[in-house]
Novice: 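Structure below; questions to follow.
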Amino acid sequence: MTDQSAATDQPGSLPADPSAVQDALVAWYEADHRSYPWRETTDPYEILVSEVMSQQTQLDRVVDAWEDFLDRWPTAATLAEADRADVVGFWTSHSLGYNNRAKYLHEAAGQVVEDYDGEWPRDPDGLSELMGVGPYTANAVASFAFNNGNAVVDTNVKRVLYRAFDVPDDDSAFESAASALMPEGQSRVWNNAIMELGGVACEKTPDCDGAQCPWREWCSAYETGDFTAPDVPTQPEFEGSRRQMRGRVISALKEYDELRLDQLGPRVRVDYAPQGEYGREWLRGLLDDLADDGLVEIDDGGDGATARLQK
DNA sequence: TTCCGGAAGT
DNA sequence: ACTTCCGGAA
């Protein structure tokens, strides 16, 4: 093997002339890829909804949730007018997790209507102003809606770059490598393609030959057989966790508009006892956090506190 | 039990 | 820099 991966000023060993690598990946993607309905639209609102949902959930279930969501709130304007409680309730009833993000999406829709007069920002910097839109989502929406993004860096992209071109496990290295590799003006197809590569060929357990990976001839891991991937932090256990309890609170309040603490408690923990370790005091702390997050309202009536979803 | 993962808050 | 936020599937 000769010096086709000559070192440049980039970290790792990106090809000095990336055009062959770029063409191979785009051709591979265009020849065949998974079909998702959000790949058929360039509406920034629809794209944003799909991005926020698919950060957290298996794509097959996102399809149904995405279609239901857009049936119910087809535009940013309709979502902005919705009650917060309905959006959070939708999120929970579709098992989408992280209901904070339902709140963010609702708020972002409000920003587009109020601050931007319904006119979506068309570049990553502008999109980053929207609530809940960070670097990844800003570039994804700019790319898929406007073909106007920078290279996305998600864990798929990191894994691919780490393996193929020995990019060190470092956020700024990934960002500059991803950026150097992206063909100018082709963010829509490119970001789709490189994430598709990470999703179907270069997963944790790679499937280079089965998926006909277009980068085998340049790939460091394919050459050496070392398919180590960057460390991903392991999740704390979900069962019994605070996030599980928060989810139960939201579900219960969606089902019953308003509940007193002692009615809510047993729906959150079977071992709820008003004076026990997991009693009113504990539940109140949980609800205060949810109220701080803007998800729940607490009404301290004379007859004991009641909770409901935030309007 | 492990995997998957971007954004905000502190 | 570190923690919190969710839940289904493999």
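Since the model is a prediction, treat every value here as computed from it, not as a measurement. By convention in this document, chain letters (A, B, ...) are assigned in the order of the sequence lines, proteins followed by strands, and residues within each chain are numbered from 1.
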Novice: Counting C-beta onward and ignoring hydrogens, is there a side-chain heavy-atom pair between Lys103(A) and Met131(A) closer than 4.5 Å?
Specialist: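 Side-chain contact under 4.5 Å: no.
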Novice: Measure centre to centre between the rings of Trp73(A) and Phe90(A), then say whether the value is under 6.0 Å.
Specialist: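 Close enough - the centres of the two rings lie under 6.0 Å apart.
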Novice: Do other residues, nucleotides or ligands put more than 12 heavy atoms under 6.0 Å from the CD atom of Glu67(A)?
Specialist: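 Yes, CD of Glu67(A) has more than 12 neighbouring heavy atoms, counting only those of other groups under 6.0 Å.
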Novice: Report the distance from atom CG of Leu286(A) to atom C1' of dC5(C), rounded to the nearest whole Å.
Specialist: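 Going from CG in Leu286(A) over to C1' in dC5(C) covers 13 Å.
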Novice: Less than 4.5 Å apart, side chain to side chain, heavy atoms only: is that true for Asp32(A) and Gln212(A)?
Specialist: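 Result no, sub-4.5 Å side-chain heavy-atom pair not found.
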Novice: Report the nucleotide, chosen from dC5(C), dG6(B), dC4(B), that has the shortest atom-to-atom distance to any side-chain atom of Arg243(A).
Specialist: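 The answer is dC5(C).
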Novice: dC6(C), OP1 or OP2 - any side-chain N/O from Asn99(A) closer than 4.0 Å?
Specialist: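 Answer is yes, contact under 4.0 Å.
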Novice: Using atom CZ of Arg246(A) as one end and atom C1' of dT3(C) as the other, report the distance to the nearest whole Å.
Specialist: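 After rounding, the gap between these two atoms is 13 Å.
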Novice: Got a sec, which residues hit side-chain hydrogen bond (donor to acceptor under 3.5 Å, both in side chains) with Asp209(A), two or more places apart in sequence or on another chain?
Specialist: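 Checked Asp209(A) against side-chain hydrogen bond (donor to acceptor under 3.5 Å, both in side chains); matches are Arg216(A), Tyr222(A).
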Novice: Which part of the nucleic acid, if any, lies within reach of Asn156(A) when heavy atoms closer than 4.0 Å are counted: base, sugar-phosphate only, or nothing?
Specialist: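 Sugar-phosphate: the residue Asn156(A), judged by heavy atoms under 4.0 Å, touches backbone atoms but no base.
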Novice: What protein N or O atoms touch nucleotides 8-10 of chain C N or O atoms at under 3.5 angstrom, if any, and at what distances?
Specialist:
unit_1, atom_1, unit_2, atom_2, d
dG8(C), OP1, Ser95(A), OG, 3.3
dG8(C), O4', Arg61(A), NH2, 3.1
dG8(C), N2, Gln58(A), NE2, 3.1
dG8(C), N3, Gln58(A), NE2, 3.4

Novice: CG of Leu96(A) versus P of dC6(C): gap in Å, rounded?
Specialist: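 Distance, rounded to whole Å: 12 Å.
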Novice: Report the distance from atom CG of Asp154(A) to atom C1' of dC3(B), rounded to the nearest whole Å.
Specialist: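 Interatomic distance, CG of Asp154(A) to C1' of dC3(B): 15 Å.
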Novice: Distance check needed: dC5(C) P versus Leu290(A) CG, whole Å only.
Specialist: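 It is 8 Å, rounded to the nearest whole Å.
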Novice: Could you give the CD1-to-P distance, from Ile250(A) to dC6(C), as a whole number of Å?
Specialist: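 Value for this atom pair: 7 Å.
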Novice: Hydrogens and angles aside, do Asp68(A) and His94(A) bring a side-chain donor and acceptor to less than 3.5 Å of each other?
Specialist: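 Yes, a side-chain donor-acceptor pair sits under 3.5 Å.
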Novice: Taking 4.0 angstrom as the limit, do Asp289(A) and Arg242(A) come out as a salt bridge?
Specialist: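 Yes, charged N to carboxylate O under 4.0 Å.
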Novice: Tell me if the CD atom of Glu175(A) is crowded by more than 12 foreign heavy atoms within 6.0 Å.
Specialist: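 Atom CD in Glu175(A) is not packed in, count stays at 12 or less.
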Novice: Is Asp171(A) salt-bridged to Lys158(A), cutoff N-O under 4.0 Å?
Specialist: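 The answer is yes: the pair qualifies as a salt bridge.
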Novice: What nitrogen or oxygen pairs link the protein and nucleotides 7-10 of chain B at under 3.5 Å?
Specialist:
unit_1, atom_1, unit_2, atom_2, d
dA7(B), OP1, Gly134(A), N, 2.7
dA7(B), OP1, Gly134(A), O, 3.0
dA7(B), OP1, Tyr136(A), N, 3.4
dA7(B), OP1, Thr137(A), N, 2.8
dA7(B), OP1, Thr137(A), OG1, 2.8
dA7(B), OP2, Pro135(A), N, 3.3
dA7(B), OP2, Tyr136(A), N, 3.1
dA7(B), O5', Gly134(A), N, 3.4
dA8(B), OP1, Gly132(A), N, 2.7

